[in-house]
Amino acid sequence: MACSATSAALISSIPATKSMASPLSKPSKTLAPLPNSFLGLRKPLFQSSAFANARSSANLALRKSFVVKATSELPLVGNVAPDFEAEAVFDQEFIKVKLSEYIGKKYVILFFYPLDFTFVCPTEITAFSDRHAEFEKINTEVLGVSVDSVFSHLAWVQTDRKSGGLGDLNYPLVSDVTKSISKSFGVLIPDQVRLLCC
C-alpha cells in the first residue's frame, strides 16, 4: 500500500481471555486473543549475541529509570481511549457510532484519513474493507474517521472505485465535522482543517 497518510490505532480495554458476547455476531462467540504481531512481540533486528549483550548492558540503567507519564492530553497505549458518539455512513445509511459500546465486546481498529475524494489513501480504506472477514474472525471492528460530513462519506461510497470512489464498504465511515474526535486523539493539525498524516 502506497499511502502513509492514515493514522491507525488498535483499541481494546478487554482482556484477551475473557469471553464476551458480541453485538454483531452469535452470542456464544468468544473473544479471540490478539496475534503476537499485534502485541509487539517481534524478533530483534540483530541476532548477534555481542550486539545483544552490549545493548542489554548499556540500556539496563535506562530501562530501570524509564517512566511513562500519561496525561489526559493525548491517548497513550494502556490508557482508556477517548469516547465519542458521532454520525457515520454504513451500508449506504446514516447510523450512530459510539466507541464505548464496543468496550468488552470487540477490539476496534480506529483509523483517521484526511479527506474524502482525495487520492491520498483510498487503497488503504478499501483494503480494510476487502479484509473485513479476517477482522471479524479475530472479533475486531474497523472504524474510519475523517472531518468530512456524512453526506460526503455517502457520496464517496456511492462512487465506483474505478471512478475515484470507494464503492460499498464493510465498515462505517465516521463523520467528525466538529473535529472533536480528531482533536481528542491528537491527529488534527491545529492551524489547518486536515488530519495529521503519519
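- With rounding to the nearest 0.5 angstrom, the CD1 atom of I181 is 9.0 Å from the CG atom of L99.
- Under a hydrophobic-cluster definition in which Ile, Leu, Val, Met, Phe, Trp and Tyr are linked whenever side-chain heavy atoms come within less than 4.5 Å, directly or via other members, L173 and V150 are assigned to the same cluster.
- When each of L154, D148, V157, L166 is tested with D116 by the rule side-chain contact (heavy atoms from CB on, under 4.5 Å), just one qualifies, namely D148.
- Considering only heavy atoms from C-beta on, V97 comes within 4.5 Å of I95 through its side chain.
- In this structure, S146 and D176 have side chains that are not in contact, with every pair of non-hydrogen atoms separated by 4.5 Å or more.
- How far NZ of K183 is from CG of L188: 6.5 Å, rounded to the nearest 0.5 Å.
- Side-chain contact between V142 and F111 is present, with at least one heavy-atom pair separated by less than 4.5 Å.
- At distances below 3.5 Å, at least one donor-acceptor pair connects side-chain atoms of T126 with backbone N or O atoms of T123.
- Scanning both residues, I138 and Y107, for their nearest heavy atoms gives O-CD1, 3.7 Å.
- When side chains are defined from C-beta on, K137 does not count as touching H132, because their heavy atoms never get closer than 4.5 Å.
- For residues 157-171, the salt bridge (Lys or Arg N to Asp or Glu O under 4.0 Å) pairs, not counting sequence neighbours, are D130-R161.
- For the side-chain contact (heavy atoms from CB on, under 4.5 Å) test, residues two or more places apart in sequence or in another chain that qualify with K98 are D83, E85, S100, E101.
- Taking the side chain as every heavy atom from C-beta outward, E141 and Y171 approach each other to under 4.5 Å.
- Applying the ring-ring contact (aromatic ring centres under 6.0 Å, His included) test to F90 and every residue at least two apart in sequence or in another chain returns nothing.
- Every residue two or more places apart in sequence or in another chain was checked for a salt bridge (Lys or Arg N to Asp or Glu O under 4.0 Å) with E93, and none qualifies.
- Residue V177 is not grouped with residue V187 when hydrophobic side chains (ILVMFWY) are merged at heavy-atom distances under 4.5 angstrom, including chains of intermediate members.
- Listed by chain and residue number, S152, A155, W156, T159 satisfy the side-chain contact (heavy atoms from CB on, under 4.5 Å) test with F117 (two or more places apart in sequence, or in another chain).
- Rounded to the nearest 0.5 Å, atoms OG (S129) and CG (L169) are 4.5 Å apart.
- D91 meets the salt bridge (Lys or Arg N to Asp or Glu O under 4.0 Å) test with no other residue; sequence neighbours excluded.
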TODO: Mind running side-chain contact (heavy atoms from CB on, under 4.5 Å) on T140 and I109 for me, showing each step along the way?
DONE: CA-CA 7 Å; T140 302; I109 295 177; 3.7 Å; yes

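- The ring of Y113 has its center no closer than 6.0 angstrom to the ring center of F128.
- In this structure the side chain of L110 reaches within 4.5 angstrom of the side chain of V145, judged on heavy atoms.
- Using a 4.5 Å heavy-atom threshold, the side chains of S184 and F84 count as separate.
- The 12-atom threshold is not exceeded at CZ of F151, counting heavy atoms of other residues, nucleotides or ligands nearer than 6.0 Å.
- Two residues are said to be in side-chain contact when any heavy atoms from C-beta on lie closer than 4.5 Å; S149 and E87 fail this criterion.
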